[in-house]
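Have a look at the structure below before the remarks.
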Protein chains: 2
Amino acid sequence: MAGARPPPPASPTENNAMTQHEYELGEAELDVLRALWDGGPGTVREVMQHLPARRRGVAYTTVQTLLNRLETKGYVTSDKSDVAHVFRAKLTRERVRRARMKTLVGQLYDGAAGALALHLVKTQKLSRAEIAELHRLVEELDEDNPNT
Amino acid sequence: MAGARPPPPASPTENNAMTQHEYELGEAELDVLRALWDGGPGTVREVMQHLPARRRGVAYTTVQTLLNRLETKGYVTSDKSDVAHVFRAKLTRERVRRARMKTLVGQLYDGAAGALALHLVKTQKLSRAEIAELHRLVEELDEDNPNT
DNA sequence: GATATCCTCCGACAAATGTAGTAGGCTGCC
DNA sequence: GGCAGCCTACTACATTTGTCGGAGGATATC
């Protein structure tokens, strides 16, 4: 994004980024965050090792920049007591999931999460176990809501 | 995004954006596209009318620019036979849904769409109609995959 | 015919994002 | 003591995205 967009008014009560509900994360930033989630806290070099294949080959300093930006945004902290700083994710995967899901539902499903659920069931290849569970769930639902 | 990212190699067979699987759409661009989906084909001025409240107040030319960019990207076409061009969405909501969903699942759910689907079914309150449809879907699935 | 309108086209510009180079500081080892 | 390596801090720069303004053409209006 860019340009003359008025910054969100920043609620007076909560304002440290971790409490906001729209985590602004670029693609690369998210990949770095994911590396942190997957590999746990680590130095720049260690984080690099956990980057997804697609992101391999980026320069050391690129990852460093990304980590610093994430820290500035409040999504990551770092322990600087050692020479090589150790970065740790502050923002959880779950948080991002919820936020992203919410955005997606709002933008493309008119806020109807139910529709999304159906869409997924239609679209995705479910495993046998999943189908079985789904079957069970549907029966429960049918009972709770006995009609048609 | 930005910087020296090598452009995706552009498959030799298909290359007209509509067939690619990652629709690059900014927030504002998506809102404009949504306006087109909601209001059907229309002129810049008409599209403006269907923009979500949050986007009200943007300048006429902003919307115009957005529409033009969308056209350049191949997501929208325009009928220029009249003075005021009439824009029409080429990319469907469904397409974007699928792409976005796929990205989300890949980035934050380890590709486990099934789990996500189940989670949603469990979590969300489905309407009667949705439950009915789900029921139907499950039966289809059971047929395709006759076991348990 | 002169004006007010409305449109499109083009150019601009700031912020965010992706990517990386360079300078300079510690560490450790011969 | 000096050099090789690794690390951080800065700076830089191209693109994308969001936002517009102004020029100039077509229309409608009086």
Side-chain angles (χ1 to χ4, degrees), chain A residues 1-8 17 20 22-35 41-49 51-52 54-87 103 107, chain B residues 1-8 17 20 22-35 42-49 51-52 54-87 107:
Chain A
M1 35 317 307
R5 251 180 328 167
Q20 296 310 118
E22 197 40 70
Y23 307 111
E24 297 279 346
L25 287 171
E27 201 95 348
E29 290 175 334
L30 182 55
D31 278 341
V32 167
L33 200 49
R34 289 217 284 153
T43 64
V44 174
R45 194 141 316 255
E46 283 159 4
V47 168
M48 280 184 84
Q49 241 111 56
L51 284 176
R54 144 181 52 106
R55 199 69 65 178
R56 293 289 165 64
V58 291
Y60 179 95
T61 50
T62 297
V63 179
Q64 196 182 31
T65 299
L66 260 2
L67 280 166
N68 287 327
R69 300 229 260 238
L70 284 170
E71 184 165 20
T72 298
K73 293 183 178 181
Y75 304 151
V76 158
T77 20
S78 65
D79 177 351
K80 302 188 177 56
S81 58
D82 231 333
V83 182
H85 301 176
V86 174
F87 294 85
T103 298
Q107 288 177 333
Chain B
M1 295 98 235
R5 250 182 329 168
Q20 297 310 119
E22 197 38 70
Y23 307 112
E24 297 280 345
L25 289 170
E27 200 95 346
E29 290 175 335
L30 183 56
D31 278 340
V32 166
L33 200 50
R34 289 217 283 153
T43 63
V44 174
R45 198 148 304 266
E46 283 158 3
V47 168
M48 280 185 82
Q49 241 110 57
L51 284 177
R54 141 182 56 107
R55 198 68 68 178
R56 291 292 165 63
V58 291
Y60 179 95
T61 50
T62 297
V63 179
Q64 196 182 29
T65 298
L66 259 2
L67 280 166
N68 287 328
R69 290 197 187 152
L70 284 170
E71 184 165 22
T72 298
K73 293 184 179 180
Y75 303 150
V76 156
T77 21
S78 65
D79 177 350
K80 301 187 177 57
S81 59
D82 232 334
V83 183
H85 302 176
V86 174
F87 295 85
Q107 288 177 334

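Computed from a predicted model, the values in this text were never measured in an experiment. Order of the sequence lines fixes the chain letters, A, B, ..., with proteins taken first and strands second; residue numbering starts at 1 for each chain.
Taking atom CD on B/E24 and atom P on C/dA16, their separation rounds to 19 Å, with Å as the unit. In this structure, CZ of B/R55 is placed 7 Å from P of D/dG18, rounded to the nearest angstrom. Rounded to whole angstrom, the span from the CG atom of B/D82 across to the C1' atom of C/dC7 amounts to 11 Å. Whole-Å rounding puts the A/N68 CG to D/dA9 P distance at 6 Å. The CG-C1' distance, from A/D31 to C/dT19, rounds to 14 Å in whole Å. Atoms CZ (A/R69) and C1' (D/dC10) sit 12 Å apart, rounded to a whole Å. D/dA26 atom P lies 17 Å from atom NZ of B/K80, rounded to whole Å. The CG atom of B/L67 sits 16 Å away from the C1' atom of C/dC10 (whole-angstrom rounding).
Side-chain to base pairing of A/R45 with D/dT8: no donor and acceptor N or O lie closer than 3.5 Å to each other. With hydrogens and angles ignored, no donor-acceptor pair closer than 3.5 Å exists between the side chain of B/T43 and the base of C/dC7.
A rotation axis mapping the C1' atoms of four pairs onto the next four is fitted at both ends of the helix from C/dG1-D/dC30 to C/dC30-D/dG1 over five pairs, and the angle between these axes is 20° to 10 degrees.
For the atom pair OH of B/Y23 and CG of B/L30, the computed distance is 13.0 Å after rounding to the nearest 0.5 Å. Between A/L25 atom CG and A/L70 atom CG the span is 6.5 Å, to the nearest 0.5 Å. In this structure, B/R56 CZ and B/D31 CG are separated by 11.0 Å, a value rounded to the nearest 0.5 Å.
For A/A84, counting side-chain heavy atoms from C-beta on, the closest listed nucleotide (D/dT8, C/dT8, D/dC20) is D/dT8. Listed candidates were C/dT8, C/dG18, D/dT17. Nearest to the side chain of A/L66 is C/dG18. Which of C/dT8, C/dA20, D/dT17 sits closest to the side chain of B/H85 comes down to C/dT8. In the set C/dT22, D/dG18, C/dT19, the nucleotide with an atom closest to the side chain of A/T61 is C/dT22.
Of all heavy-atom pairs between A/Q107 and B/R34, the closest is O-CD, 3.0 Å. Counting all heavy atoms, side chain and backbone alike, B/G26 lies closest to B/E29 at N-OE1, 2.9 Å. Here the shortest heavy-atom pairing between A/Y75 and A/E24 reads OH-N, 3.5 Å.
Among the heavy atoms of the strands lying under 4.0 Å from B/Q64 is at least one base atom, whether or not backbone atoms are also near.
The side-chain contact (heavy atoms from CB on, under 4.5 Å) search around B/V58 returns B/L51, B/R55, B/T62, B/V63, not counting sequence neighbours.
By the 4.5 Å heavy-atom criterion applied to side chains, B/Q64 and B/T61 are counted as neighbours. Within the 4.5 Å cutoff, the side chain of A/F87 has heavy atoms near those of the A/N68 side chain.
Proximity of a side-chain donor or acceptor of A/Q49 to a complementary backbone N or O of A/E46 within less than 3.5 Å is not detected.
The phosphate of C/dA20 (OP1 or OP2) has no side-chain N or O of A/Y60 nearer than 4.0 angstrom.
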How would nucleotides 23-30 of chain C be written as a contact map, 5' to 3', with B for base contact, S for sugar-phosphate-only contact and - for no contact, using protein heavy atoms under 4.0 Å? --------

